Amino acid sequence: MKVLTANSLTTGEVVFWNAGRWAVAFNDGQRFDGDEDAAGALTAAEDQPRMVVAPYLIDVEDMDGHWVPVAYRERLRALGPSNHPQHGKQADGDADVQALAAVTSSARSTGRIKLIRR
Amino acid sequence: MYRYDDLDRQMLTDRSNEFRHQAARRLSGEITEDQFKPLRLMNGLYLQLHAYMLRVAIPFGTLSTAQLRRLAWVATTYDKGYGHFTTRTNVQLHWIKLRDAPDILDALAEVGLHAIQTSGNCIRNVTADPYAGATADEVDDPRVWAEAIREWSTVHPEFSYLPRKFKIAVTAAEKDRAAIRSYDIGLHLRRTRDGELSFEVMAGGGQGRTPYLAKTIREHLPASRLLSYLDAILRVYNRAGRRDNIHKARIKILVNSLGVEEFARQVEAEWAQIEAAEVDLPDTELARIRAAFQPQVFDPQPAVSPVFEAAKAADPEFARFARRNVHPHKVPGYAILDISLKAPGETPGDASSAQMETVADLADAYSQGEVRVNYTQNLVLPHVKLADVPAVYARLKEARLATANIDLITDIIACPGLDYCTLANARAIPVAQAIAKRFADPERAEAIGELGIKISGCINACGHHHLGAIGILGVDKKGEEYYQLSLGGSAGADAELARILGPAMSGQSIPDAIETLVETYLAHRQDGERFLDTVRRTGLQPFKEAVYAVAD
Amino acid sequence: MPSLIKLDAGSDQPRALTVQDAFVFVHDEEPIPAACDIVVTLSRLSSEGDDLLASGRRVGVRLQPSEAVEDLAYDLPRLAVVQLVFAKFRDGRPYSSARVLRERLAYQGEVRAVGDVLREQAMHMVRCGFDAFEPADGSSPEQWVAAAYRYRHVYQRAADEREPIHVERAQIASGLGHNRPDEVGA
């Protein structure tokens with residue numbers, strides 16, 4: 001499964017694609033089963049250069065009933081920095097975020113998909 | 001210290017107006033991200049994992065209290081109430097919004113701060129000895145020359161699109177506190193036998209993927225000829241440096257592929273053709289800059305302060321602080337006071353807005369209104385009366401800024417790593433925190449003695465791991481965060497690159513591995529030598545055996 | 001075909017105009033057209049330069065970033081234009097080339113920026129001695145001049161006439177004040 005992510009142009013915040021709109025929470029992001037749908041969404045996102053910067057697809061996996069990014073880097077993006085648990089998306093801490101945080105702290109980092117340079 | 005005059009300030013205003021214009025064109029879609037990115041980078045604005053990051057320059061690491069207060073205000077108003085001081089004596093704000101950036105630059109410009117050329121393939125913020133103007137072992141205030149370089153390099157018409165970034169550091173003291181040999185150009189000011197100021201010019205240093213220490217290309221450059229000589233170096237580099245491969249574009253690659261003699265020859269040939277009088281500053285301008293750095297007026301003080309001595313005798317913690325963080329000043333009865341931003345458990349180099357305010361207050365009250373930023377990610381109060389040190393200490397302690405660990409095992413350099421940085425392969429901060437907690441007992445840390453641990457989250461080496469007595473490099477090993485240890489690096493006058501100890505290991509095993517290294521050192525230590533000296537004497541073998549024996 | 005902007009040297013205030021480009025760039029594999037002003041590559045200039053220069057027309061050369069302006073020294077006085085190619089706007093070699101042309105080789109003819117020529121670099125180009133531009137971003141002469149003179153002061157001498165800040169400071173200190181054009185445009 002894949003999720004489409006980017007950073008907001010005006011704020012830099014991490015955002016996730018859902019049917020043509022951008023959500024701020026990882027769990028509100030649309031999950032793509034097929035590569036074709038994902039690629040189509042990416043093309044559509046790249047057509048929004050005034051909304052976001054550098055959209056790209058990430059791999060997500062089901063861990064204990066929760067969807068989480070495969071790459072450690074993407075978990076940090078979905079949560080926030082590990083040295084400031086009160087900063088970033090993890091600060092809001094609803095059940096989904098807490099589950100993601102729990103999985104992240106117990107898991108080792110795994111394969112990063114695409115290293116983008118900014 | 002140098003304070004910007006009207007003309008300097010107008011430069012900053014013009015710059016922030018230009019950026020406001022460029023940001024507006026990006027937001028309106030008039031220019032693309034590809035076109036905008038180098039423009040925002042030249043104004044220090046990166047897009048990182050969670051937000052934009054603004055890197056503000058602190059030229060030669062010198063801050064006025066008004067500037068420090070303004071940084072605190074910007075951090076509170078536009079960020080999350082803290083700043084991160086870096087190994088290039090810049091300060092980074094990690095939660096910036098693009099739409100706020102022009103206003104922030106305006107607010108900074110009002111106090112003579114800016115983010116000009118803190119990124120991009122241009123001449124970056126110039127650094128200098130953090131004890132400049134306060135230490136007895138310097139022949140001149142290196143900031144006079146660093147300020148001349150700052151002006152010369154700012155919005156340079158010819159050298160703003162170099163093959164790669166370009167960093168210059170200056171020292172005028174025998175003890176190198178600015179790590180000048182790790183710079184593209186390192187400048188060491190000395191006095192010749194007949195009393196003239198003269199630079200030893202070194203070129204081609206750098207860390208990153210292929211670390212090199214800078215090599216001397218000219219032993220004696222009359223100081224007044226500095227700028228034209230820099231012009232020559234930069235022109236040779238701009239024309240001949242590689243542009244086909246980003247990993248081979250730094251000047252260190254050019255110097256080492258040509259050979260240092262040939263590179264020096266080309267620089268000399270270019271210099272001979274430059275109309276130096278057009279470039280070198282006239283004596284009047286040098287005198288103007290020099291006047292700005294004139295030594296402050298120091299009240300005569302007894303060389304030994306009874307107040308200071310009594311405080312040391314009464315409080316062992318204060319005595320430790322005095323041993324670790326208080327250094328001799330050129331004026332009797334005064335001290336240079338290091339403020340550690342490395343309290344165990346905290347993020348190395350981070351200071352909250354409240355802490356910045358505290359340091360500004362202390363500098364106003366006790367240090368002639370001056371603060372320094374050290375590349376070791378600590379702050380410095382350069383001119384404190386010995387008699388005032390106990391009072392300063394008390395205030396620092398309240399603000400959690402009195403950690404007595406300068407140069408000790410818990411005084412760890414760490415880049416922001418994967419927690420913030422898009423380039424990183426692994427986190428650096430949690431590793432630093434885990435090590436600092438392991439060695440949090442200050443008595444033990446002091447017994448271990450001087451030991452620099454430096455951690456980078458990727459090969460770009462912002463955490464100076466090549467120069468650590470223990471260097472730690474975060475790598476990505478089949479998708480996991482792994483860490484590679486290296487030993488024997490040093491940034492000082494005895495600069496040396498660290499050597500890799502063995503295979504990388506997981507983050508969890510790092511504190512144990514450091515523990516093993518320390519025990520091995522203590523077992524081999526002779527005559528109170530430093531960790532670094534033991535490694536140099538014994539070589540890596542005993543350390544390698546000890547660390548990897550456990551794993552086998 | 002990008003439009004050609006030229007600095008107006010005759011004006012007191014910084015000014016630029018759109019002008020008709022009289023020169024035709026001839027690729028190496030193309031035949032030399034009859035009776036018009038041409039620009040050729042360095043290799044063609046080396047092989048056919050004497051014939052071309054003797055043919056009673058104006059001749060210029062186009063240099064790639066890696067080609068040294070010093071190689072033109074012999075022909076330079078007879079060249080009407082030197083075009084310096086910005087392969088990418090990030091490639092800063094043409095700035096050095098332009099300064100060497102103006103300051104060391106004392107070239108008086110047109111120095112034209114071609115290729116990835118963007119308004120954001122206008123000031124750098126003007127200061128390094130370019131006086132003609134083929135903007136790739138559709139900039140107007142007004143926009144070009146506004147960008148080129150956005151800074152009221154400069155910190156260093158270059159190939160233009162502008163005096164560095166320390167000269168202004170010395171004038172202010174000596175009570176002479178300073179003569180400079182007011183900020184141009186927005």
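Side chains are part of it too, since the values below use all heavy atoms of this structure and drop only hydrogens, waters and symmetry mates. Because the structure is predicted, anything quoted here is derived from the model rather than measured. Numbers restart at 1 for each chain; the letters A, B, ... are given by sequence-line order, proteins then strands.
For chain A, the nearby part of Tyr420(B) is the side chain; its heavy atoms alone come within less than 4.5 Å. Heavy atoms closer than 4.5 Å to chain A are found in both the backbone and the side chain of Leu27(B). Heavy-atom distances place no part of Val15(A) under 4.5 Å from chain B, backbone and side chain included.
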Exercise for review: Give the C-alpha distance, both sets of side-chain angles, the deciding distance and a yes or no for side-chain contact (heavy atoms from CB on, under 4.5 Å) between Asn7(A) and Gln48(B).
Suggested key: CA-CA 9 Å; Asn7(A) 290 70; Gln48(B) 297 213 307; over 6 Å; no
Exercise for review: Start with the C-alpha gap between Thr10(A) and Tyr52(B), add the side-chain angles, then the distance that decides, and say whether side-chain contact (heavy atoms from CB on, under 4.5 Å) holds.
Suggested key: CA-CA 9 Å; Thr10(A) 53; Tyr52(B) 289 92; over 6 Å; no
Check your understanding: Can you check side-chain contact (heavy atoms from CB on, under 4.5 Å) on Arg26(B) and Val53(A), steps first, answer last?
Key -> CA-CA 11 Å; Arg26(B) 171 67 181 98; Val53(A) 180; 4.2 Å; yes
Check your understanding: Where do Leu76(A) and Arg427(B) land on the side-chain contact (heavy atoms from CB on, under 4.5 Å) test, with the steps shown first?
Key -> CA-CA 10 Å; Leu76(A) 286 173; Arg427(B) 290 172 298 160; 4.0 Å; yes
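For residues 92-104 of chain B, the set of pairs meeting the side-chain hydrogen bond (donor to acceptor under 3.5 Å, both in side chains) definition, not counting sequence neighbours, comprises Arg20(B)-Asp103(B), Arg55(B)-Gln92(B), Tyr82(B)-Trp95(B), Gln92(B)-His94(B).
Within 6.0 Å of atom CG in Asn245(B), more than 12 heavy atoms from other residues, nucleotides or ligands are found, so the atom counts as buried in its surroundings.
Looking at Leu98(B) and Leu9(A), their side chains come closer than 4.5 Å, going by heavy atoms from C-beta outward.
Once rounded to the nearest 0.5 Å, the distance linking CZ of Arg75(A) with CG of Leu418(B) reads 12.0 Å. To the nearest 0.5 Å, the span separating NE2 on His50(B) from CD on Gln90(A) amounts to 8.0 Å.
Listed in order of number, the residues of residues 345-354 of chain B that approach chain A to under 4.5 Å between heavy atoms are Thr347(B), Asp350(B). Contact annotation for residues 79-88 of chain A against chain B (heavy-atom separation below 4.5 Å, listed by residue number): Gly80(A), Pro81(A), Ser82(A), Asn83(A), His84(A), His87(A), Gly88(A).
Tyr72(A) places no side-chain N or O within donor-acceptor distance of the main-chain N or O of Ala426(B), the cut-off being under 3.5 Å.
Thr403(B) pairs by the side-chain hydrogen bond (donor to acceptor under 3.5 Å, both in side chains) definition with nothing, not counting sequence neighbours.
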